[in-house]
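Letters A, B, ... mirror the listed sequences (proteins, then strands); counts begin at 1. All values below come from the heavy atoms of this structure, side chains included, with hydrogens, waters and symmetry mates left out. Remember, it's a predicted structure, so these values are computed and weren't measured experimentally.
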There are 2 protein chains.
Amino acid sequence: MTMPRKPAYDRDALIAQARDIFWRHGWAGTSLKDLERELKLKPGSFYAAFGSKDALYALAMERYAQDGVANMMTLARELGPLGALKAQPRLVVEASELPTRACMLSKTYAELQARGHELAGQARTHMVAMKTCFADLFRRAQKAGEIGTEHDPDRLAARYQSDLLGLRMSAERDDVNASEIAADIAADLDRL
Amino acid sequence: MTMPRKPAYDRDALIAQARDIFWRHGWAGTSLKDLERELKLKPGSFYAAFGSKDALYALAMERYAQDGVANMMTLARELGPLGALKAQPRLVVEASELPTRACMLSKTYAELQARGHELAGQARTHMVAMKTCFADLFRRAQKAGEIGTEHDPDRLAARYQSDLLGLRMSAERDDVNASEIAADIAADLDRL
DNA sequence: GGGTTTATTGAGCGATCACTCAAGTATATA
DNA sequence: TATATACTTGAGTGATCGCTCAATAAACCC
């Protein structure tokens with residue numbers, strides 16, 4: 001029994017790179033030629049590593065969603081549940097290193113849902129997880145007395161996620177002052 | 001001088017039909033085969049009538065945007081400026097005949113902006129017009145004393161449009177109670 | 001009805017799509 | 001060093017993309 005050769009690439013780094021490309025250009029907007037050029041992989045290596053364009057897209061979305069939840073958790077540890085929820089809108093708008101401000105999950109869902117594509121269902125699943133994360137933060141904010149208990153945390157989370165999706169879409173437009181919208185969303189949380 | 005043959009199709013009806021197809025499936029998600037099948041046009045007739053896929057898409061978006069503004073104006077005539085703004089979220093969620101709840105302009109912008117496609121710029125232009133329409137309604141609501149004058153109508157319009165985009169995206173998901181979000185958006189307008 | 005003009009038809013264009021695979025190369029163990 | 005194993009390469013697959021155009025059919029004025 002002899003041991004084989006190792007791949008020359010860093011699989012995790014390639015997934016992160018693919019995530020940024022898919023995030024910016026979407027599913028149909030990203031061709032294998034694009035991926036091969038950016039990831040510096042020939043078709044053979046690409047398919048040996050990931051199996052298909054859709055399989056890599058699924059990995060990219062999973063990475064995106066995991067990072068999103070982890071980011072909110074970290075933020076909550078630093079600023080508390082309400083602080084994290086209030087800070088997130090501003091952080092999204094101000095983040096300059098993002099491939100694009102719009103949410104990758106909502107972009108994927110919007111693009112592929114009508115055709116019943118499997119990736120749309122996966123995007124939906126990840127959005128549900130994100131919403132659950134928001135709901136937990138609202139619940140914790142209530143228990144900590146940061147906001148009143150008269151509102152349903154699940155409903156607050158749905159509204160918050162919806163506002164965030166709109167904000168992130170709006171932040172892509174140069175005719176919109178997204179900072180103002182972010183501030184207004186945060187201000188609404190103080191009135192709870 | 002003799003007179004020519006007339007087309008067998010209703011151009012306006014075809015544009016409306018194309019709008020619904022593009023709206024639902026997006027730009028890349030709609031092939032000429034799809035359009036030829038649905039509009040019952042052979043390639044030759046299609047190109048004689050519209051010139052290109054992108055040209056028809058532009059016409060479809062224009063129709064979408066015109067109808068959107070006209071709809072808000074009609075609503076304002078019936079319910080007053082604040083009444084129209086408050087009613088719109090619920091109407092969007094409850095409308096059952098729509099090809100999809102998400103906004104066609106934001107879908108187009110999200111899909112094509114990164115590649116610098118001309119249609120993304122046109123979508124942006126139409127969204128600006130829609131935002132201006134909202135701002136006018138907020139201004140009229142202020143003049144009518146329906147809401148306070150301490151807020152900037154342009155800022156209110158940007159936030160309102162952002163909320164509406166998020167709502168319409170959320171209304172596509174069956175894990176979200178969009179009616180509740182719509183009610184919450186309308187309720188926020190009463191606190192102005 | 002004749003003649004003119006335009007609408008309709010559908011085969012097929014080159015380009016690009018996601019993807020395959022046989023041949024060549026590099027790295028591990030023995 | 002010999003060999004087994006897996007990685008890398010890139011030409012090439014059939015399918016589909018948006019689109020063209022020559023041939024045919026239909027509707028109009030005279």
Any pair counted as salt bridge (charged side-chain N to carboxylate O under 4.0 Å, His left out), so long as it reaches residues 101-121 of chain B, sequence neighbours left out: A:Asp34-B:Arg115

Under-4.0 Å side-chain N/O to phosphate OP1/OP2 contact, A:Lys42 with D:dG10: yes

Return the value, rounded to whole Å, for the distance between atom [atom1] of [X] and atom [atom2] of [N].
X: A:Leu41; N: D:dC7; atom1: CG; atom2: C1'; value: 11 Å
X: A:Leu14; N: D:dC7; atom1: CG; atom2: P; value: 14 Å
X: A:Phe50; N: C:dT20; atom1: CZ; atom2: P; value: 16 Å

For a quick test of your reading: what N or O donor-acceptor pairs under 3.5 Å do the side chains of residues 63-71 of chain A make, sequence neighbours left out?
| from | atom 1 | to | atom 2 | distance (Å) |
| --- | --- | --- | --- | --- |
| A:Tyr64 | OH | A:Met104 | N | 3.2 |
| A:Tyr64 | OH | A:Arg168 | NH2 | 3.3 |
| A:Asp67 | OD2 | A:Arg19 | NH1 | 3.2 |

Distance-only polar pair, side chains of B:Tyr57 and B:Thr30, donor-acceptor under 3.5 Å: no

Listing, residues 79-95 of chain A side-chain donor-acceptor contacts under 3.5 Å, not counting sequence neighbours, or none:
| from | atom 1 | to | atom 2 | distance (Å) |
| --- | --- | --- | --- | --- |
| A:Lys86 | NZ | A:Asp190 | OD1 | 3.0 |
| A:Lys86 | NZ | A:Asp190 | OD2 | 2.9 |
| A:Arg90 | NH1 | A:Glu94 | OE1 | 3.2 |

All salt bridge (charged side-chain N to carboxylate O under 4.0 Å, His left out) counterparts of B:Arg139, not counting sequence neighbours: B:Asp136, B:Asp154

A:Pro43: side-chain contact (heavy atoms from CB on, under 4.5 Å) partners, not counting sequence neighbours: A:Glu36

Sugar-phosphate only, base, or nothing, as touched by A:Tyr9 at under 4.0 Å among non-hydrogen atoms: sugar-phosphate

Under 4.0 Å protein heavy-atom contacts per nucleotide of nucleotides 15-22 of chain D, with B for base, S for backbone only and - for none: --SBBBB-

